[in-house]
Amino acid sequence: MSNLETSEKTNLFGLSIPELEDFVVSIGLEKFRAKQIYKWIYTKNSRDFDEITDLSKKAREILKEKAQLGELTLIAREISNDGTEKFLFATSEGEKVESVLMYFDDQSSHSACISSQVGCAVACPFCATGTLGFKKNLSAAQIAEQIQFMQNISDKRIDNVVYMGQGEPLNNYDNVVKSINIIREDIGIGVRHITVSTSGVIHRIEQLGDLDLQITLALSLHDPTDEGRDFLVPINKKWPVFEVIESLKDYYNKTNRRVTIEYVMLKDVNDSDEKAQQLGYLIKDLHCHVNLIPYNQTDVHDPFQRSSNAQIKSFKNILMKTSFNKTVTIRKERGHDINAACGQLANKHA
Ligand code: SF4
């Protein structure tokens, strides 16, 4: 099917029931068909009208001619030794979208990492997506459809969603908020199981706090000083560390939701005991959990290296076992053999 044909059809994924009702009536079907189609899209993850067996063959033929169940197509799928799966999808305009599905130890819980933009303008130097530059915002439906598509392919129910794939979610604020509503209300994943990770777009953190959605907000901090963060997370030049931390305190006051501090551990860059002390003082009064992320080196030419396990442990202990008394976890690696960094699959297929 050509992109032109695709774009002429109405994409039913992401439509509300009243919108679906209007559509089915407009193509000559009974209004109640809308609820049947909705059920197949969201509870059975259907992407093919032929699967909707409670519709007549004639109704399915009309639908195939006028509509489509989602717009993403699968370009690549890689499966790690530990079961983690990485997907590369294409939008109807041919833009690449990357998503990851992770399985936890007992296989009873599945977590999806999804993208909110094609490329990213923040340009963190350790991130493969950052090297792509910003290309495009994804629509709310394109963001949420990544989850439905992964459920369709894997036949697994996704329980947790993290907006940590390609893009800065809060630079695509309206679509991200709309996509959270689709994920919550239509796909049916509880809002407390949704995490949005930001590099620190302060005015959007304020707006998100006002909405009080009860999601988890994570900050990609990566360095406690302006000097270090200006380099690692260049958006810091616009919104400096101290102001971002203050905005997180406000977020907590509005939502009563503890935030997460993400900190990638880069050898001899941001992983010293002194940095751990500085971080401890910076977040002393913030209700937060700290997640230390061992860095995945992309290749031998990568200028960044992973911190040693001993140094990660020392960093953790300074935050946990001193008067800082923070809750700290070390992110368990997933899909190391296929993964390295978000944006890598898209780069490979660019
Ligand atoms: S780490 Fe996140 S914010 Fe930074 S360039 Fe990559 S996708 Fe963008």
Undergrad: Got a sec, which residues hit salt bridge (charged side-chain N to carboxylate O under 4.0 Å, His left out) with E262, two or more places apart in sequence or on another chain?
TA: R331

Undergrad: By salt bridge (charged side-chain N to carboxylate O under 4.0 Å, His left out), which residues pair with D268, not counting sequence neighbours?
TA: none

Undergrad: Find out if a path of hydrophobic residues (ILVMFWY) with successive side-chain heavy-atom gaps under 4.5 Å connects L286 to V328.
TA: yes

Undergrad: Which donor-acceptor pairs under 3.5 Å do the side chains of residues 240-248 make with protein atoms, sequence neighbours left out?
TA:
from: E246; atom 1: OE2; to: K249; atom 2: NZ; distance (Å): 3.1
from: S247; atom 1: OG; to: V244; atom 2: O; distance (Å): 2.7

Undergrad: Which residues pass the salt bridge (charged side-chain N to carboxylate O under 4.0 Å, His left out) test with K321, not counting sequence neighbours?
TA: none

Undergrad: W239: which residues meet the ring pair (Phe, Tyr, Trp, His ring centres under 6.0 Å) condition with it, sequence neighbours left out?
TA: H203

Undergrad: Between S111 and N160, does a side chain to side chain donor-acceptor pair (under 3.5 Å) hold up when you go through it step by step?
TA: CA-CA 5 Å; S111 194; N160 292 285; 4.7 Å; no

Undergrad: Between K64 and D50, does any NZ, NE, NH1 or NH2 come within less than 4.0 Å of an OD or OE carboxylate oxygen?
TA: yes

Undergrad: Should the ring pair Y252 and H287 be called parallel, tilted or perpendicular, given that the plane angle runs from 0 to 90° and is split at 30 and 60?
TA: parallel

Undergrad: Using a strict 4.0 Å threshold on nitrogen-to-oxygen distance, state whether K254 and E206 make a salt bridge.
TA: no

Undergrad: Return the set of residues passing ring pair (Phe, Tyr, Trp, His ring centres under 6.0 Å) with Y163 (not counting sequence neighbours), or none when no residue passes.
TA: none

Undergrad: Please list, chain by chain and in numerical order, all residues satisfying ring pair (Phe, Tyr, Trp, His ring centres under 6.0 Å) with F231, sequence neighbours excluded.
TA: none

Undergrad: Check the hydrophobic clustering (I, L, V, M, F, W, Y; side-chain heavy atoms under 4.5 Å; chains of links allowed) and say if L20 and I62 are grouped together.
TA: yes

Undergrad: With sequence neighbours excluded, what pairs up with F89 under the ring pair (Phe, Tyr, Trp, His ring centres under 6.0 Å) test?
TA: F87, F149

Undergrad: In the hydrophobic clustering that connects Ile, Leu, Val, Met, Phe, Trp and Tyr at side-chain heavy-atom distances below 4.5 Å, which members other than F324 occupy its cluster, ordered by chain and number?
TA: Y281, I318

Undergrad: Please verify the inter-ring angle class for F126 with Y295; under 30° counts as parallel, over 60° as perpendicular, anything in between as tilted.
TA: perpendicular

Undergrad: Apply the test side chain to side chain donor-acceptor pair (under 3.5 Å) to residues N236 and D230: give CA-CA distance (whole Å), side-chain angles for both, the deciding distance (0.1 Å), then the verdict.
TA: CA-CA 5 Å; N236 191 75; D230 279 354; 2.7 Å; yes

Undergrad: Return the CD to OG distance between E145 and S99, rounded to the nearest 0.5 Å.
TA: 10.0 Å

Undergrad: With a 3.5 Å cut-off and sequence neighbours excluded, list the donor-acceptor pairs that the side chains of residues 180-192 form with protein atoms.
TA:
from: N181; atom 1: OD1; to: R184; atom 2: NH2; distance (Å): 2.8
from: D186; atom 1: OD1; to: Y38; atom 2: OH; distance (Å): 2.5
from: R192; atom 1: NH2; to: Q214; atom 2: OE1; distance (Å): 2.8

Undergrad: Side-chain donor-acceptor contacts of residues 23-32 below 3.5 Å, not counting sequence neighbours, with atom names and distances?
TA:
from: S26; atom 1: OG; to: F23; atom 2: O; distance (Å): 2.6
from: E30; atom 1: OE1; to: R33; atom 2: NE; distance (Å): 3.3

Undergrad: In chain order, what residues pass the salt bridge (charged side-chain N to carboxylate O under 4.0 Å, His left out) check against K267, with sequence neighbours excluded?
TA: none

